[in-house]
Structures are given as C-alpha cells and as structure tokens.
Amino acid sequence: MHPLAPILLSDARAIAGAAIDCLVIGSGTSGVTTAIELADRGLKVAIIEAGPLILTEHVGSGPFANREDIVPQIHDLVRYGTVWTSEKELAAAKARTAKTNNNAWSLVGGRTVFWGGCTPRFRDEDFADWPYDAAEMHGWYAKAERLIGVSGGETDNTAPPFMTHAAQDHLLGRLAKQGIPATHAPLCVDTRAVHGGRMSLGFDSSVSRLLRCRHFGRVENGARLSLASETEALRLVVDGGLVRAVKVRDRTGETFDLSARHVVLAGGCMQSTRLAMASGLGDSDPHVGRYMGDHLFRQAVFELAEPLKEKSLYIFIPPTAKRPFHAQLQGMFQETWYSPLHATCWLDGDVGGRYVLFYCFGISKAEEAGRMVLCGDGKSMKDYCIVNDRSPGDSKTLADMARFTADVGEALGGRVVRTEENAAGSALHEFGGLRMGRDPSLSVTDPDGRFWRVGNLSCADAAIWPHQGSANSYLTITAVALRNASRLAAGLEAEGRAVAAQ
Ligand SMILES: Cc1cc2nc3c(=O)[nH]c(=O)nc-3n(C[C@H](O)[C@H](O)[C@H](O)COP(=O)(O)OP(=O)(O)OC[C@H]3O[C@@H](n4cnc5c(N)ncnc54)[C@H](O)[C@@H]3O)c2cc1C
C-alpha cells in the first residue's frame with residue numbers, strides 16, 4: 001500500500017456505507033474527468049480502481065523522466081499481457097494457450113501515468129459515423145485542451161508549442177518542399193510560464209488532476225469525491241433494467257456490494273466492454289462486444305545525414321482527406337527503437353544524435369467482426385481476447401503507410417534504418433464494444449453514453465465510439481467524457497428535483 005493511502009484513499013467498505021450519487025469504475029482520464037465534473041456540480045461521487053496507487057503524477061513530469069532503466073520497471077509493477085488474435089487463431093486464445101501480444105495497465109490514474117502526450121483533435125469528417133457532428137465537439141475540445149494543458153494545438157485556445165527551434169523548422173521546410181506539410185506536435189505538456197507563484201503542471205495525468213481537485217478526499221471524512229484503490233468491480237447486478245449493485249473485491253480479497261444512483265463504466269475501452277459482457281449485458285444486446293478496433297500502427301527509425309545539433313524535436317504530419325493516417329517524428333537519438341514502456345523518451349534527446357523515431361497511426365474502420373471474446377471463466381480482468389482480422393481497407397491503408405514512411409525518410413534526406421508494421425492492438429488507441437447511436441436497435445448506448453437497456457448505467461470511455469479518426473485518443477476521450485458528464489449531471493439533478501417534488 002502507498003504510504004499516502006491513509007490520507008488519500010478511502011476504504012471500499014466506507015463507500016458501501018455512504019449515499020453515493022455516482023459510482024465511477026476506473027480512474028483513467030475518462031473516469032476522473034467524469035468524476036470531477038459531477039462533483040463540481042454538487043454530486044457525491046466515488047471512484048473504484050482495480051490497481052494500486054504508485055505515483056501521484058505522470059512518470060515524465062518527475063525525476064524519472066529520463067530514466068529509461070527505471071521507467072520500464074515501474075510499468076512492470078502494474079502491467080499485464082493481453083491477446084489480440086485472428087479468427088484462425090481464436091481457439092488457442094480461448095483455450096488460454098496463445099501467447100500474450102499486447103499490454104494493459106491497472107493503477108490509480110490508468111494509462112495517464114505513462115502515456116506519450118501527443119494530443120491532436122479528430123478532423124471534422126472523422127465524426128461522420130457519430131451520432132453528433134464535429135460542431136458539437138469543438139467547444140468540448142477547447143474545454144478539454146484548457147483542462148489538461150495542451151500546448152501547440154490547432155487553435156489559439158492552447159499554450160505555446162513545447163518544441164520549436166530553427167533545426168526543427170529546417171526539417172519542416174524539407175518536408176514542405178516534398179509536398180508533405182507538417183508542423184510542431186500538439187502536446188499535453190503545460191508550457192504556460194512559471195511565474196508569480198504559478199508552477200507548470202507538466203504532463204497531464206488523471207491522478208494529479210484528481211489529487212488537485214478541492215472536492216477530493218476520504219469518504220470517511222465526508223469528502224464529496226473519493227477513491228478506493230485495489231478494488232475491482234467484478235460484476236454489475238442488473239435487475240428490472242437497473243444496476244442494483246456492483247459486486248466488488250477489495251484489497252483484503254473480500255467481496256461485497258456497492259450501490260449508487262448511477263454507475264459509470266470508465267475502465268478503458270477493453271475493460272468497460274469486458275465488465276458489461278461478464279455481467280451478461282450481451283445476452284439482451286447483440287451489439288455488446290462488437291465493432292472493436294485500434295489504429296493501424298507502423299513505426300520506423302530514420303538516420304539523418306548529420307546531427308541537428310539540437311537535443312529534442314517533435315514534428316507532427318497531419319492526416320489529409322486522401323491520407324487517413326498521421327505521423328509523429330521524435331528526435332534526437334543514438335540508434336534506438338520505440339517501446340511503450342518509455343513513451344516520453346523524446347523529452348531529453350541527444351544533441352549529437354542523428355536518429356529520428358517515426359510513428360504512423362492510420363484509421364481502421366470498425367467492423368462488426370472486430371469483437372471481444374471472453375476466455376477462461378470470463379471473470380478476471382485478463383479473461384478476454386480481441387478478434388481482429390485486417391480488412392481489405394486496412395491492408396490498403398497499411399500499404400500506403402509503408403510507402404509514406406519511405407517518402408518521409410527521403411524528404412528528410414535520411415535513410416530508413418528499420419521499419420515495422422505493428423500487430424493489431426499495439427497502438428493502444430482501442431475503441432468500440434459499447435457503440436453509441438441514435439437507434440437502440442443498432443447501438444448499445446445513446447449519444448450521451450447511457451445504456452439503452454439499463455437506465456442508470458453509462459460508459460465514459462472510447463468503448464462508445466462508433467469510429468475514430470487517426471488522432472491519438474486521449475484528448476477526444478477527455479472531451480467526450482466532459483460532454484457526457486455535463487449531460488449526466490443535468491439528468492441526475494433533474495431526477496433529484498423530481499423525487500424531491502413527489
Ligand atoms: C505507453 C502509452 C503511450 C500512449 N501515448 C498516447 C499519446 O501520445 N496520445 C494519446 O492520445 N494517447 C496515448 N496513449 C493512450 C491513452 O493513454 C489512452 O487512450 C487513455 O489514457 C485511456 O484512458 P481511459 O480512461 O479510457 O482508460 P485507462 O487509462 O486504461 O484507465 C482505466 C482504468 O480503469 C481500471 N479498471 C478497469 N476495469 C476495472 C474494474 N473492473 N474495476 C476497477 N477498475 C477497473 C484500470 O485498472 C485502469 O486503471 C498511450 C498509452 C500508453 C500506454
């Protein structure tokens with residue numbers, strides 16, 4: 001247990017004894033954004049998180065930022081393997097004989113403690129399959145960017161870019177000359193000046209956002225917003241179209257029920273979907289666990305002709321109507337290769353380095369066959385696999401991404417030292433499983449993430465997305481969570497007034 005636990009964390013048993021308006025399952029950006037928004041509106045909110053508290057801020061905001069020897073070991077405290085498979089290999093995955101080939105994390109703050117910080121918006125056309133359009137999202141994007149401290153974004157709303165210098169401009173110029181317009185990257189690193197008592201917030205992480213929230217404290221002390229760690233939601237007990245209780249197991253291993261007026265799934269796309277399936281919600285709704293996917297992901301390393309004589313650069317090549325993928329370039333390094341276990345390796349590069357890391361994320365359209373299958377007894381967080389076969393559209397985009405990788409290397413006057421197409425699921429930008437829509441016969445939730453068939457249940461994370469743009473998901477998850485929490489708060493307030501008037 002973290003030494004600060006007696007000050008910060010609540011006992012899940014104490015949450016069981018309190019009158020909770022909303023129980024949020026998961027403490028990543030979707031859960032914490034939702035919880036703070038609801039608490040700000042006067043509602044009593046409790047978060048349960050399956051993992052432990054290990055850090056109180058993003059791993060790159062503190063002393064470990066450049067410790068590539070230590071950071072992977074911190075990951076290993078809270079990381080577990082998952083399986084993405086094909087239709088052909090599914091039997092092995094179900095029998096639990098398939099090797100894990102992807103990662104998942106479970107800790108207070110979720111993946112926000114380790115994420116890489118790149119925060120582009122979706123393009124307007126990326127919302128074509130959503131039940132609302134881009135115009136609806138613009139205001140929520142702006143609010144989310146302010147909340148998490150995005151710098152170098154597309155609008156004046158964001159702070160000055162983190163990475164700009166003449167050597168980077170030189171590379172941007174080379175790309176532009178070859179018809180590849182690029183820019184500095186939008187990053188979730190707070191670049192507002194440190195002055196007059198104001199400290200930089202560093203990278204956004206939901207754990208530090210939660211700890212800064214004035215409503216946050218122990219439920220035992222009457223706090224409006226509380227969190228119990230190492231408390232896993234095992235099953236939703238649904239009866240008569242309502243969640244009557246959430247069966248949980250706390251850090252002592254005991255299982256008992258928590259109840260609340262409303263329950264929000266925010267376990268990350270995979271775990272929210274798994275919990276819904278493990279609770280039998282798929283029995284009455286064939287869309288539960290379907291239309292799941294992740295970005296297509298190619299990575300490379302380029303060797304430039306000479307060092308830039310600058311330690312760090314971060315370039316973003318946006319997608320276009322014809323190019324359903326974007327690219328991120330990070331430098332400068334001695335020869336190396338990207339690993340998700342040190343996603344902020346670009347923070348402090350090597351002034352003599354000649355190597356640039358390249359990541360290309362492409363859109364994979366949601367297919368019904370892209371789905372979750374429960375494995376083993378389906379009861380633990382590890383008891384699932386994702387079936388994901390490349391569609392003809394994916395194969396075409398992947399071929400275009402491979403060509404584009406070579407084009408960018410050439411435009412920079414560099415050499416592609418190594419490039420690989422990564423396996424499905426490795427982009428860590430998963431979506432779908434509980435897709436939202438306007439038609440209850442074609443979707444699991446309404447446009448606000450509220451389940452059509454369970455009145456007091458909603459989902460805050462990317463499980464509800466019917467589709468995604470090429471943009472990395474953190475900013476959009478946060479913006480959608482803000483939108484939906486605001487609408488949920490209004491709904492709960494109205495219900496409260498109606499009950500009081502009776
Ligand atoms: C190494 C890395 C680099 C990344 N880089 C970027 C980037 O540059 N840009 C970007 O946009 N995105 C990036 N991402 C992805 C981004 O971090 C995630 O999309 C986002 O943080 C997901 O937030 P979430 O709230 O949906 O879920 P998560 O962060 O996964 O949080 C969910 C939490 O819920 C808990 N939980 C789940 N089920 C239960 C249960 N049954 N009971 C209790 N608790 C439960 C889990 O333990 C977990 O802590 C990166 C991710 C990683 C890991």
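Just so you know, these numbers come straight off a predicted model, no measurement behind them. As the structure lists them, so they are numbered: ligands from 1, and atoms in each ligand from 1.
Residue G117 has at least one nitrogen or oxygen atom sitting less than 3.5 Å from a nitrogen or oxygen atom of ligand 1, judged on distance alone. Checked by distance only, ligand 1 and L475 stay at 3.5 Å or farther apart across all their nitrogen or oxygen atoms. Ligand 1 has an N or O atom lying under 3.5 Å from an N or O atom of S106, backbone or side chain. Between T29 and ligand 1, an N or O atom pair is found at a separation short of 3.5 Å. The distance criterion of under 3.5 Å between nitrogen or oxygen atoms is not met by F114 with respect to ligand 1. Of the polar atoms of A233, at least one N or O is found under 3.5 Å from an N or O of ligand 1, judged by distance alone. Polar contact with ligand 1: absent for D461 (N/O pair, distance under 3.5 Å). Considering backbone and side-chain atoms alike, S30 places an N or O below 3.5 Å from some N or O of ligand 1.
Across the listed options A278, G267, G110, G267 owns the non-hydrogen atom lying nearest to atom 32 (C) of ligand 1. The nearest non-hydrogen atom to atom 46 (C) of ligand 1, considering only Q328, E230, Q271, E49, comes from E49.
Under the side chain to side chain contact (heavy atoms under 4.5 Å, CB included) test applied with V263, the options I25, V238, L242, L258 reduce to a single match, I25. Of the residues H326, E430, Q468, the one that meets the side chain to side chain contact (heavy atoms under 4.5 Å, CB included) test with H295 is Q468.
Taking the centre and axis of the six-membered ring of Y384, the NZ or CZ atom of R274 falls outside the cone set by 45° and 6.0 Å. For the pair R435 and W465, the cation does not sit on the ring face, since its NZ or CZ is not both under 6.0 Å from the ring centre and inside 45° of the axis.
No hydrogens or angles considered: a donor-acceptor pair under 3.5 Å links the side chains of S272 and D461. Judged by distance alone, the side chains of R209 and T33 do bring a donor and an acceptor atom under 3.5 Å apart.
Distances below 4.0 Å separate heavy atoms of A343 from the following atoms of ligand 1: 1 (C), 3 (C). Heavy-atom contacts of G268 reach the following atoms of ligand 1: 26 (O), 27 (O), 32 (C) (cutoff under 4.0 Å).
Nearest protein heavy-atom neighbour of atom 50 (C) of ligand 1: W115 CB, 3.7 Å. In terms of protein heavy-atom proximity, atom 15 (C) of ligand 1 is nearest to L428 O, 3.6 Å. Among protein heavy atoms, the minimum distance from atom 1 (C) of ligand 1 is reached at P340 O, 3.1 Å.
The aromatic rings of F302 and F358 lie tilted to each other, with the angle between the two planes from 30° to 60°. Using bins of under 30°, 30° to 60° and over 60° for the plane-to-plane angle, the ring pair F297/Y338 lands in the perpendicular bin.
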- Evaluate the criterion salt bridge (Lys or Arg N to Asp or Glu O under 4.0 Å) for residue pair K143 and E37; output intermediate values, then yes/no. CA-CA 12 Å; K143 190 171 175 192; E37 189 69 16; 3.4 Å; yes

- Task: Carefully, step by step, assess R450 and D448 under the rule salt bridge (Lys or Arg N to Asp or Glu O under 4.0 Å).
- Result: CA-CA 6 Å; R450 292 189 75 149; D448 300 339; over 6 Å; no

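Put simply, no part of T119 is less than 4.0 Å from ligand 1, judged by heavy atoms. Ligand 1 lies within reach of T231, whose nearest heavy atom is under 4.0 Å from it.
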